[in-house]
Amino acid sequence: MHSLKTKLKPFGGEQNWGILPADPMGTTVRRFVGASGESRILIRNHATLNQSLEASSSNMKRAAAMQDVSFEDRFPNLPSVDMEYR
């Protein structure tokens with residue numbers, strides 16, 4: 001599997017950018033390059049009310065599936081990207 005940095009080369013353009021939604025519950029997408037030169041894409045697109053303040057494994061699996069579909073829909077030309085953090 002190629003690194004995200006390699007996969008992002010064809011995109012060109014600005015290395016650091018962000019898109020913020022008008023709706024506070026909408027999706028936030030940001031691309032940035034860290035101090036080490038590694039490209040990152042940050043997506044925040046899932047929120048739930050959980051009064052216990054703990055996420056169960058089923059909550060995390062459901063959120064992960066939704067995030068993967070959202071990422072693939074937004075970036076179809078970035079196949080097989082594994083999420084490093086959730």
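A quick note: this is a predicted structure, and the numbers were derived from the prediction, not measured. In what follows, residues are counted from 1 in the order of the sequence shown.
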message: Walk me through whether Arg30 and Arg40 qualify under side-chain contact (heavy atoms from CB on, under 4.5 Å).
response: CA-CA 8 Å; Arg30 294 180 178 139; Arg40 301 272 185 197; over 6 Å; no

statement: When every non-hydrogen atom of Val81 is compared with those of Leu78, the smallest separation belongs to CG2-O, 3.5 Å

query: Do Phe75 and Ile43 touch side chain to side chain, with heavy atoms closer than 4.5 Å?
result: yes

message: Just checking Met83: does its CE atom have more than 12 heavy atoms from other residues, nucleotides or ligands closer to it than 6.0 angstrom?
response: yes

query: How long is the span from the CE atom in Met60 to the CD atom in Gln67, to the nearest 0.5 Å?
result: 7.5 Å

message: Can you list everything that forms a side-chain hydrogen bond (donor to acceptor under 3.5 Å, both in side chains) with Gln51? Sequence neighbours excluded, please.
response: none

- prompt: Where do Phe71 and Val29 land on the side-chain contact (heavy atoms from CB on, under 4.5 Å) test, with the steps shown first?
  reply: CA-CA 10 Å; Phe71 187 87; Val29 181; over 6 Å; no

- prompt: Residues two or more places apart in sequence or in another chain: which of them pass side-chain hydrogen bond (donor to acceptor under 3.5 Å, both in side chains) with Ser56?
  reply: Ser58, Asn59

